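The structure under discussion appears below in the form of structure tokens.
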Amino acid sequence: MTAPIGRRSLLRAAGIGGVAAAATTAGTGLALTRDPASAAAVSAAAAAAPSFHGPHQAAVLRSAAPATIMLALDVTATDKAGLTELFRTISARAAFLTSGGLPDQAGVSGPPTDSGTLGPEVVADNLTVTLGVGSSLFDDRFGLAARKPNGLFPMPVFPNDDLDQAQCHGDLSLQLSADHSDTVLHALRDIMRSVRGAAQIRWRIDGFVSPPRPSGTPRNHFGFMDGTANPDVTDPAQMSRLVWVDPAKNPAWTAGGSYLSVRLIRMLTEFWDRVSLGEQENMFGRRRGSGAPLSGHAETDAPDYSNDPTGETIPLTSHIRLANPRSAATDSSRILRRGHNYDRGVDPNGNLDMGLIFTCYQQDVRRQFETVQNRLSGEPLDDYISPFGGGYFLVLPGVSSGSDFFGSALLA
Amino acid sequence: MMGLPLSKIPPWLASPKVVLALTTAVAVVGALVGTSMHHTPAKPEYAAGLPSDALTVDAYDCGANWTSAKPGKQNLLIANTGIQTTEVYLVDPDSGAIYGEIVGLAAGTSDQMPVVLGAGTYALRCWPADADPVTGPPVRVSASASGSMAGATTPGVLPVSREDLTAPVKAYQAYVEGGLAQLKPLVQKLQTDIAAGDLDAARTDWVPAHQQYERLGGAYDAFGDLGDAIDGLPNDLPGGVGDSGFGGFHRIEYGLWHGQSAAQLAGPAGDLVASVDKLATEFPGDQIDPLQLGLRTHEILEDAVRFELSGQSDQGSGTTLATVEANIDGTQSLLGILRPVLTPRDPDLPRIDAALTRLRALVQAQHHADGSWTPLTRLTTAQREALNSAAGGAVELLAPVATICEPRLDKS
Ligand code: HEM
């Protein structure tokens, strides 16, 4: 709650409204350029899920799906053979669930193999199944210690964190995303049943992405469009610079993978709703209604910092300006964000437990997520959010074919 | 999976479960071989709305219009054009192994039987109420399916008759009777301790007495109201632990570990002895439905997962794992009794044994030299995950026992 007073009074004087403010900035002669990053995000939103088999896991470059379940699993299999069987099973289930079809039938040899919650025939519904490994998998249980990438380590505690260890870390991350919640719930039951005895859920959180209101990028619980600015997933050069692991700095088995940071962040919506619109917009550096940067008028306009060195237009402490100063020096710290809203009931005080499942993909957690997180440290938004869980994972390379399986190179 | 059940649960990974190998058929098509035994009287008109492409069954004819079948995943649509309700089975006409069933297909109705057909010979077998079974013509399937229709061939299981279960039912009856005879002196000792005001001795003697009861497989209402009187929980009583209807082992446990006096516990201890006496007297006269054997074999541990490993049943003694150990004893005893029935029918029996051995080892690791047990609440996350996972793996494997041991194709 430390938005500069001067800035607030300026907004009030200008009249709070996207058009008036945009006119003000336009009047200052700032150039309004279309933001290539946001254009990419919007166009990717329409893309359907690519096939399960491929060099990369399908969900990494796909925009956030309407329904998601994020899980951390701990492996209870006790040796490498057990871990291998676990990965093979998840791969086989994922291959089936992401393409759909009639389930196998047990006849009278057991209960039905399928829960039936999607009807007699499983629909694919753009399901993606994304498996990652956490640093704890590389302890002495499976003989993998020597294979641990240097870039994989436990998520530390950041300023403003209030971490619940029961909702942090895990041997594996498993994210199930699809167009509808019945599909992800069906996949969750199917996979967990098939790995029972070999892995146990450590924590789980369900999320969703709202429809565009009224258009553009969907909104978060604070009413702001969230996911506008991202690296361009259609540009392979950018992806190999920012998203896929760097083969020169990682073990060969990681090729095609990507580092995933998960942060479970409560959003204090009651408190937020008692904050003036101008202050809200200054905290992000964007208009709530249109999603436009305070230096522009459309969501896809690029924020202009070069003509605004003192933060007259977009405060220096605003979330977008700290997160991505858009300078040559900070370019390599950009991350590919894939956030989902979560909503899970009421806290002991009677306040709503709502927030953001923040996930981002990157080439290097220290160089990217942690650098961005450290720049954001102490931002005004901190007063309205409370990170309580999450973890760092390496999302495995893709499963190349029906005979391949997750982590085959790791376990070879 | 360390001799673990993993591959069982996902049938697509499991070893073929077909009990009697299917003869590899030479050719497909038009295989209307033999079965001229049934006569074909004038058929009743199709009931309104019955699908015309269905395989039809009635008192004399069981799928006579089923002449050829393709391999792979499919739904056999079966319509009862007769005037009697009938059971419909898909069988191997040579071995009698069952691949699928529709229970109680009423006259004028139709239903789908989902199945994955592999190379072999199949036939429909109908058993109408009050009539003899009729087997339809054998249909040969050669080769196996490819692409999205391929799947793990539905395993055939030899039907279990009531007669097959006569000896196991007697053995179970003897097991419970013997167990109740052992229980009597243990609850009497508990009562004596309390009468003598020796609550330390009572706390020590409560554990083996309770374990002995938990060995008997009284899960999920198996012993009716007496089961509640002996081992009920306070959860559904309006007054909770203070409710006058709260009695039995857990009532005494509550008192012994919450500082209640011997005088307060004398009544409940007397009632417990009386209830156990009553059960020991009444049980030998009770008829046990053979269906119950398979059900109890998996429900004892289902009950442990729900009430014990959740921590729900503990009223202060912290001996949940002692209870689970007794539940494993009970499960293994029932499995031993059913073993002759299961051995030719459930190829996963060795995996069940291994899963129970693993669970027992994890439980016993918490039983200390001084006789005490680690309470659930003092287990580390990893220990609790390992226990929950092992128990989950075991119940997943035990579930088919109930389906396989259900009496089929015999009416006595
Ligand atoms: C509950 C917590 C958060 C909320 C409500 C939030 C909200 C937003 C909003 C509304 C935007 C502007 C629209 C957009 O470009 O997507 C944004 C942008 C961004 N946020 Fe966050 N965010 C949160 C946490 C984080 C965290 C933890 C990070 C990384 C450490 C982060 C990094 C970014 C980045 C990199 C951008 C894009 C900046 C740009 O390229 O212009 N955010 N966020």
Side-chain angles (χ1 to χ4, degrees), chain A residues 72-93 95-96 99-114 116 120-122 124 136 139 141 165-166 168-171 190-203 402 405, chain B residues 1-2 4-13 17-19 72-75 89-90 97-101 112-116 148-149 151-157 159 345-346 348 355 358 381-382 384-397 399-404 406 408:
Chain A
L73 304 175
D74 284 336
V75 178
T76 52
T78 48
D79 61 10
K80 192 169 168 184
L83 180 66
T84 307
E85 193 167 353
L86 169 66
F87 281 4
R88 277 186 185 279
T89 304
I90 297 177
S91 310
R93 294 321 296 151
F96 171 70
S99 48
L102 291 171
D104 280 341
Q105 296 298 333
V108 300
S109 73
T113 59
D114 188 78
E121 183 158 358
V122 172
S136 56
D139 62 12
R141 283 172 295 165
Q165 287 306 309
C168 291
H169 319 301
D171 291 340
D190 184 298
I191 293 173
M192 287 320 299
R193 178 182 183 185
S194 72
V195 304
R196 201 100 62 208
Q200 204 58 16
I201 296 177
R202 181 180 171 90
W203 52 263
F405 61 94
Chain B
M1 205 90 298
M2 292 301 287
L4 254 198
L6 198 66
S7 73
K8 154 60 217 278
I9 304 142
W12 46 93
L13 286 183
K17 222 177 166 184
V18 186
V19 174
K73 298 174 174 180
Q74 53 203 284
N75 289 312
Y89 300 93
L90 179 68
I98 301 182
Y99 299 99
E101 67 180 349
Q112 294 191 327
M113 181 191 288
V115 68
V116 187
S148 65
M149 284 303 134
T153 301
T154 301
V157 178
R345 293 181 175 84
D346 191 348
D348 286 323
R358 179 193 186 200
T381 301
R384 198 145 177 192
E385 284 176 339
L387 268 167
N388 288 330
S389 180
V395 287
E396 220 45 84
L397 276 167
V401 169
T403 353
I404 291 171
E406 190 180 325
R408 285 191 177 84

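Chain identifiers are assigned alphabetically (A, B, ...) following the order of the sequence lines, protein sequences preceding nucleic acid strands; residue numbering begins at 1 within each chain. Only heavy atoms go into these numbers, but all of them, side chains included; no hydrogens, no water, no symmetry mates. Everything quoted here is computed from the prediction, not taken from an experiment.
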Inset, instruction - Would you mind telling me which of P114(B), P159(B), A391(B), G72(B) has the largest number of heavy-atom pairs within less than 4.5 Å of chain A? - result: P114(B)
Inset, instruction - Against chain B, work out which of S99(A), P120(A), P103(A) has the most heavy-atom pairs shorter than 4.5 Å and name it. - result: P103(A)
Legend entry - Heavy-atom closest pair, residues S389(B) and T76(A): OG-OG1, 2.6 Å
Legend entry - Beyond-backbone contact of R196(A) with V395(B), side-chain heavy atoms, under 4.5 angstrom: no
Legend entry - Interchain contact, Q74(B) with chain A, by part (heavy-atom threshold 4.5 Å): backbone
Legend entry - Atom pair CD (Q105(A)) and CG (N75(B)), whose distance is rounded to the nearest 0.5 Å: 7.0 Å
Legend entry - Closest non-hydrogen atom pair between L102(A) and K73(B), with its separation: O-NZ, 2.6 Å
Inset, instruction - State, to 0.1 Å, how close E385(B) and Q200(A) come at their nearest heavy-atom pair, and which atoms those are. - result: O-CG, 3.9 Å
Inset, instruction - Decide side-chain contact (heavy atoms from CB on, under 4.5 Å) for T381(B) and R202(A); before the verdict, give the C-alpha distance in whole Å, the side-chain angles of both, and the deciding distance to 0.1 Å. - result: CA-CA 9 Å; T381(B) 301; R202(A) 181 180 171 90; 4.1 Å; yes
Legend entry - Interface moiety of V115(B) toward chain A, non-hydrogen atoms closer than 4.5 Å: backbone
Inset, instruction - Using non-hydrogen atoms and a 4.5 Å limit, figure out which bit of A166(A) sits close to chain B: side chain, backbone, both or neither. - result: neither
Legend entry - Smallest separation among heavy atoms of P400(B) and S109(A), with atom names: CB-O, 3.2 Å
